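Below is one structure, written out as structure tokens, with a few remarks after it.
Note that this is a predicted model, so its numbers are computed, not measured. Order of the sequence lines fixes the chain letters, A, B, ..., with proteins taken first and strands second; residue numbering starts at 1 for each chain.
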Protein chains: 2
Amino acid sequence: MAKTVTLSLDAMGGDGGPEVVIPGAEIGLERYPDIRYEIFGDEARVAPILDKCPRVKEASRLHHCEVAVQMDDKPSQALRQGRWKSSMWRALEAGKDGTAGAVVSAGNTGALMAMAKFCLRTMPGVERPAIAAIWPTIRGESIVLDVGATIGAEAEQLTGYAILGGAMARAVFGIERPTVGLLNVGVEEVKGLEEIKAAGRMLRAADLESIDYFGFIEGNDLGRGTVDVAVTEGFSGNIALKTAEGTARQISEYLRAAMSRTLQAQLGYLLAKPAFDRLKEKMDPRKVNGGVFLGLNGLVIKSHGGTDAEGFAAAVELAYDMVRNDLMSRIASDLEAYQASGAAERADEGKEAAK
Amino acid sequence: MAKTVTLSLDAMGGDGGPEVVIPGAEIGLERYPDIRYEIFGDEARVAPILDKCPRVKEASRLHHCEVAVQMDDKPSQALRQGRWKSSMWRALEAGKDGTAGAVVSAGNTGALMAMAKFCLRTMPGVERPAIAAIWPTIRGESIVLDVGATIGAEAEQLTGYAILGGAMARAVFGIERPTVGLLNVGVEEVKGLEEIKAAGRMLRAADLESIDYFGFIEGNDLGRGTVDVAVTEGFSGNIALKTAEGTARQISEYLRAAMSRTLQAQLGYLLAKPAFDRLKEKMDPRKVNGGVFLGLNGLVIKSHGGTDAEGFAAAVELAYDMVRNDLMSRIASDLEAYQASGAAERADEGKEAAK
């Protein structure tokens, strides 16, 4: 029999706390009965909900934590008040000591990243962790990173993101050698920030088995699904992510208004409703719920704070997939192969030579 | 009788060249009969088209130019081969010497910006020009800048963009005191790039009559229309713009696929077609066609290279509006008021004091 997959859950994170997390864990368990949970939270609040979700109760251990990080806590505050003892911290610790293969929290992103960096530390060969998002595209799904862990990135960090994202694409999408593009701007005159150009040189020089370096892409390539993995620094990545979310909401709004304007349009809408429902499902943010923190000594999945049980379950399933497909060891061996390629040094030499 | 508005047109720009520019000018003239054109291009190609558009012929002067900047020319190439003599350059010159109130070109952005900077130079008090885009929102339209003139921006440049964008919002939307937001990322830990924070302090300190400084906004605020003017540096602005375009195209694609799947959906689509047409019109990129170069000693409107006559007409109408509403003198007086406020100096002092 296959080994079970253990996930640690911060039951207190998110706007709904355990009322969302535990039912979400139940849905995840229905789909993947071989999940086991380590649940961290306030026993008085969590236990009664576990009683209503007997499957989760059966498949989990509950660890009482007195402290819960609040959704509006600043990262520094969260660290001060929640280190060692909060449900968020202890869920991360379970990811660190190997009790759990991945950590899932709907808590606030800033606090979670600060704690995760402190608790898990970055992997050898990784300068900075990144937040990766799964991005729906015309062709299916791709991965975009970094969407907000850090502002700005040097070439070395961008190539690191490329390798992290590539490993994730193989683990989550099952693509043997995913294509990777560097997000850039297309205005001729300003094309090519120096660090993006350098990262491109390095990735080409490395000629890795794990990823297929595509070249530069632009913002409109994200929705088009031009590459499996789109790499950018965190500021523009975050703006791209939020802009796409905003545009999708805006068009839904237009559509709703247009469809309710006349009786005929309303009738048409009713007839086309199954089609609209498909569209809605495609655009459902819950389906792609969960930013993944990559580059730490442990996998952390951040679920949206405002999500419902179905959304939290999507984050649980993503965590399951990544553990099942051994993302952590893929990342480790890909990083090793990149270092062994000596591409970074050669790219530097190329730069020196070009001077 | 009101004065006419003179626009100079680069007839050779864009994929369609004069076959698009002249019919576009005709449509513009139908809507605003008080436009006069100075047309620059290859007489052998332009004159026959003018014969088919007698209204434009009547309202214009054609200036023969031997050289046309190509769509794939690099900016340096365009400057080398096209300075003084290309249709693009000479159209810009007409904007510089006051013959025309604004210049419209569908030529390549990099070349046009390079030539415009060289020919027109930046206004006193402006460090760098910006490209402003009109952004459709749930609430109507807003202005986003810079969408790609320059990568990176210091605080002083961001405040400059705020003033330029504010003046444009008053001229184009007729809003007395437009709200202005600074685009930022919402991840708590990384919130607030230093230069964006400083720009915020300066705008608050200046307390201008011309704009109402709102504070920080995020990517999803663009589609929501939270502010009339969204200010950002060119790299993330360009990525936001292209990402939004890509997302809109992606959703149209989803919708088309969903609506053709079953007979019932097809029937529903037919009934709801007028509603869909409204939606399409809302999402029509031709309607918001035209990036505006702000901060130069002359107004330049860049129409999409791949546009049709209707799209070029939209750029012409935008140019007309800006000249009619005297955008250039608004910008000049707003910049003066900002300088007089001494906000930049005070913000610097505040920063010194905070050290």
- Message: Looking only at heavy atoms and a cut-off of under 4.5 Å, which of B:T243, B:L270, B:L255 has the most pairs with chain A?
- Response: B:T243

- Message: Heavy-atom cut-off 4.5 Å, strictly under: side chain, backbone, both or neither for B:L222 against chain A?
- Response: side chain

- Query: Are A:R256 and A:E253 ion-paired here, with the side-chain N under 4.0 Å from a carboxylate O?
  - Reply: yes

- Query: Can you find a pair of side-chain heavy atoms, one from A:M115 and one from A:V69, that are under 4.5 Å apart?
  - Reply: yes

- Of the listed residues (A:T232, A:L183, A:L267), which shares the most heavy-atom pairs with chain B below a 4.5 Å separation? A:L183

- Hey, does the side chain of B:Q70 reach the backbone of B:A68 with a donor-acceptor pair shorter than 3.5 angstrom? yes

- Task: Look at B:L241, B:I239, B:T262, B:D277 and state which one has the largest set of heavy-atom pairs under 4.5 Å with chain A.
- Result: B:I239

- Who among A:E245, A:M259, A:R224, A:Q266 has the most heavy-atom pairs with chain B under 4.5 Å? A:M259

- Query: Going by atom types alone, do A:Y161 and A:Q157 pair a side-chain donor with an acceptor below 3.5 Å?
  - Reply: no

- Task: For B:F173, check ring-ring contact (aromatic ring centres under 6.0 Å, His included) against everything at least two apart and list the hits.
- Result: none

